[in-house]
Every structure is written in structure tokens, then in C-alpha cells.
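Below is one structure, written out as C-alpha cells; comments come after it.
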Amino acid sequence: MKNKFAVSGMGFAFLLVVASIIPVQGADKASGLLLVANQGDHTLSILDPESGTIAKVVSPEIRGHEVTASPDGKLAYLPMYGDSGVGLPGTDGHSIEVIDIAKHSIVSTIELGHPVRPHWVKFGADGLLYVSAELDKAVDVFDPKSQKLVGSIPTGAVESHMVAMSKDGKRAYTSNVGPGTVSVLDLTSRKLVTVIPVAQTVQRIALSVDDKWVFTADQKQPRLAVIDTSSNKVSQWIDLPSVGYGNAPTPEGKWLLVTMPSANQVAVVDLATMKVTRTVDVSAHPGEVLIRSDQPVAYVSCSRDGKVAVIDLKEWRVVKTLDSSPGADGLAWAKN
């Protein structure tokens, strides 16, 4: 079943597509919804992982790579990056779409004032919204209520593409793709602490649960850098079966899941030994990993197939594959 609605107002337009409405017993027990930013058709998928229900919001701009949900789970924030990949020529985004998750509609647009290629987005411990601004070599800080810029933190490098934030909200770490470095940011003073050389090229980034280590994947060799946050230096490398990309730790801090796009696999690293213990086959070209805090489940976006693989972290196997859209990429969890 497909329904299309065209709505205008507040200086923007959007298209809503609702498809594959499949009622399932127990669907009302779901603790949240999965958000998926799809690059292929510049949409945001809103998925109920239990029932199979999917709703899509089509953005008027091109296109969002990453997404986050407000702490209350009511709104989604989708930065409009542009029509190309990091470091490549193309359009330069300058806005963030704010989406009402329950209504499946865009409710406002945050204009950033000039083109910055906003990419990564997340709420900090202080309740403010942090957004990477690649062209400004910065991470910008917004008040979500006023939707106004309240600060900017320099990264000291181009292509600051992804960010990991410490649990206490005092530090952040950016992966600077082209330079192959990681910037350390003091979020309290909003200053750059240092820039750490890592590899020729890096990609996504994550922190261990205890904030002791930062992980980022070398894009030229099958290895993962481990940065000691006490010294701000690469302390060791984890060998991978194939070149890694995105990564995320499990909530108890025992495992780290690393996507390997060319292998169509996810590597599972034992953080006690810093070694890969197993791999899990997934759909084509896995990119981002999101791990639920309330269940032993990981979601992996697979861009080439437009799917999201659901991995059971007890059995270490894919138990379900969710349909999203071409170019499925950034993931976020919106609690109910």
C-alpha cells in the first residue's frame, strides 16, 4: 500500500511515502523506532524493527548521510550534506531538516547561514545539538529550542567527517578523513586540544564504553587504530580480515563490531585481547553499526542493498533483514 501526500508551509515542501504496513502482534511493545538516512533517494526511513512497518520522509534537499533523534524520541535531525562523498566535488549543504517522527513530517529547517557540508549530528550531555561542519573545519553547537548557533569548536583539519563524544560530554574526537588524523576537542572550553596522526586515510570513529580508547579504521590497510585517550596517541593496531569502516562497542564493553564493506561482513573484536574472534556475514556493503542498549541486538546499514541487517549478539548471526532504501547509511534510535 502506498500513500502520497504533498504538503507545503514554513518555506519548504516534503513528500511522505508510507509502504509495507504489516500489522504484527506485539508491535506496541517495541521500545523505539529505527531511523535510517538513505543517500540513494534522499529519504529518511522510520522503521519499526518488530512489525516491519516503514514510513519514509523525502527531503527537499540532497542529501542526508547521518541522523539523530532528540532525547525524548519525538524529533529527528537530518543534516543536508550534499550530493557527493567526503572530499569529492559536489553540492555543499547548508541546513538541517527537523522531522516529527510520529507525524512523519518535516516541521522546520535549521539554516546554517552558509555552505558547510553538515554531516555527523548528535545531542550532547548538555542538551545542545552538535553538528560537524566540514567546510568550516569545525563542530558547530546549536540550541535545539531556538535553533540558533551558540558556539563552534575548531578541529584544525579538513574533512572532519564523524565524531565520537565522551559519556560526560566533556571531550569529542573527530575522524578527519583525507588527512588521516583524529582531532581531540574540549567541549567545555570549546577549544581544540590536539590533532593525532593516524594513517594515510581514516573513516568512522567510536569510543570504548569506558572512554579509554578511540577506534578508527585505516582505509588503506585492514587494520583498526586504537588511540589511548590518556596520552592522545595511537597505542596499538587491531588486524582485520578486510579494510574496516564503521565500528561500535557493545553496551557492556566486551565487544567491538567493525563493518568491512568489501567483504560484506562485520568483524567482532574481543576488547580484552584486541583481536578479531569471529565475523558475521551481512548484506552488501555494510557501513554503520548501531547497538541497542536494551537488547542484545545490533543494526547494520548495508548501502548497496538498501537493507539493514539485524544481528543477534548472543548467537552472532543475522536474524532479520529490514528493507530501507538505496544507499542506506546513517542510523539512529528514537525511543518511544
Side-chain angles (χ1 to χ4, degrees), residues 65-71 77-79 81 86 96 110 112 116-144 149-199 202-217 224-235 245-249 251 253 256 288-291 293 330-333:
H65 294 194
E66 297 295 323
V67 63
T68 197
S70 56
Y77 293 79
L78 184 67
Y81 184 79
V86 59
I96 302 169
I110 302 174
L112 307 182
V116 298
R117 287 197 175 188
H119 188 259
W120 172 92
V121 59
K122 195 77 71 178
F123 277 84
D126 54 9
L128 297 175
L129 187 68
Y130 290 77
V131 184
S132 62
E134 284 187 17
L135 299 185
D136 282 353
K137 302 179 186 178
V139 172
D140 286 342
V141 189
F142 288 86
D143 180 334
L149 180 71
V150 295
S152 188
I153 309 163
T155 65
V158 298
E159 299 175 15
S160 299
H161 200 57
M162 296 294 288
V163 186
M165 300 175 71
S166 63
K167 300 295 184 300
D168 62 9
K170 294 181 178 180
R171 287 289 171 101
Y173 302 82
T174 73
S175 58
N176 311 314
V177 177
T181 61
V182 168
S183 297
V184 183
L185 310 182
D186 184 325
L187 300 185
T188 303
S189 64
R190 294 179 180 167
K191 292 181 179 179
L192 171 65
V193 176
T194 190
V195 178
I196 306 168
V198 178
V202 296
Q203 241 300 331
R204 303 189 174 213
I205 193 166
L207 269 163
S208 59
V209 172
D210 58 11
D211 289 336
K212 290 183 177 180
W213 300 309
V214 172
F215 306 100
T216 190
L224 192 75
V226 182
I227 297 170
D228 186 328
T229 58
S230 64
S231 65
N232 286 331
K233 293 181 180 179
V234 176
S235 61
Y245 196 70
N247 66 90
L256 183 77
E288 188 157 317
V289 183
L290 185 150
I291 300 178
S293 60
L331 302 172
W333 186 255

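Numbering starts at 1 and runs along the sequence shown.
- Residues H119 and E134 bring no donor and acceptor atom of their side chains to less than 3.5 Å of each other.
- Residues F123 and M165 have side chains not in contact (no heavy-atom distance under 4.5 Å, counting atoms from C-beta outward).
- Between the S175 side chain and the Q203 main chain, a donor and an acceptor come within less than 3.5 Å of each other.
- Side-chain N or O atoms of D136 include none that pairs as donor or acceptor with a backbone N or O of A138 at under 3.5 Å.
- Taking the side chain as every heavy atom from C-beta outward, V121 and Y130 never approach each other to under 4.5 Å.
- What you find for V289 and I291 is that their closest heavy atoms are CG1-CG1, 3.9 Å.
- Within the 3.5 Å criterion, the main-chain N or O of V226 finds no donor-acceptor partner in the side chain of W213.
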Side chain to side chain contact (heavy atoms under 4.5 Å, CB included) between L135 and V158, intermediate numbers included: CA-CA 7 Å; L135 299 185; V158 298; over 6 Å; no
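- L187 places a side-chain heavy atom less than 4.5 Å from the side chain of I153.
- Heavy-atom minimum distance, V198 versus A225: CG1-CB, 3.6 Å.
- The nearest pair of heavy atoms linking G330 to E66 is CA-OE1, 3.6 Å.
- Rounding to the nearest 0.5 angstrom, the gap separating the CD atom in E159 from the OG1 atom in T181 is 9.5 Å.
- The CZ atom of F142 lies 5.0 Å from the CD1 atom of I96; values are rounded to the nearest 0.5 Å.
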- request: Step by step, work out the side chain to side chain contact (heavy atoms under 4.5 Å, CB included) result for V141 and L149.
  value: CA-CA 6 Å; V141 189; L149 180 71; 5.5 Å; no
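- Nearest approach of L192 to V184, heavy atoms of both residues: CD1-O, 3.5 Å.
- T155 and S160 share a side-chain donor-acceptor pair at under 3.5 Å.
- Judged purely by atom type and a 3.5 angstrom limit, D211 uses its side chain to pair as donor or acceptor with the backbone of K167.
- With rounding to the nearest 0.5 Å, the separation of NZ in K233 from CD1 in I227 is 12.5 Å.
- Residues T229 and L207 are in side-chain contact: their nearest non-hydrogen atoms beyond the backbone lie under 4.5 Å apart.
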- request: Show the numbers, then the answer: is there a side chain to side chain contact (heavy atoms under 4.5 Å, CB included) between Y77 and V67?
  value: CA-CA 6 Å; Y77 293 79; V67 63; 5.9 Å; no
field: Candidate pair R117 and L112, rule side chain to side chain contact (heavy atoms under 4.5 Å, CB included), full reasoning
entry: CA-CA 10 Å; R117 287 197 175 188; L112 307 182; over 6 Å; no
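- Contact of the M162 side chain with the E288 side chain is registered, since non-hydrogen atoms from C-beta on lie closer than 4.5 Å.
- The shortest distance between side-chain heavy atoms of V193 and R171 falls below 4.5 Å.
- Side-chain contact check for S152 and D140: at least one donor-acceptor pair (N or O, by modelled atom type) lies under 3.5 Å.
- For N176 (side chain) and P179 (main-chain N/O), no donor-acceptor pair under 3.5 Å exists by modelled atom type.
- When every heavy atom of V139 is checked against every heavy atom of V163, the shortest pair comes out as CG2-CG2, 4.2 Å.
- A donor-acceptor pair under 3.5 Å links the side-chain atoms of T216 to the main chain of R204, judged by distance alone.
- The OG1 atom of T194 sits 11.0 Å away from atom OH of Y173, with the distance rounded to the nearest 0.5 Å.
- Pairing each heavy atom of A206 with each of N247, the nearest pair is CB-OD1, 2.9 Å.
- For the pair S132 (side chain) and P118 (backbone), a donor-acceptor distance under 3.5 Å is absent.
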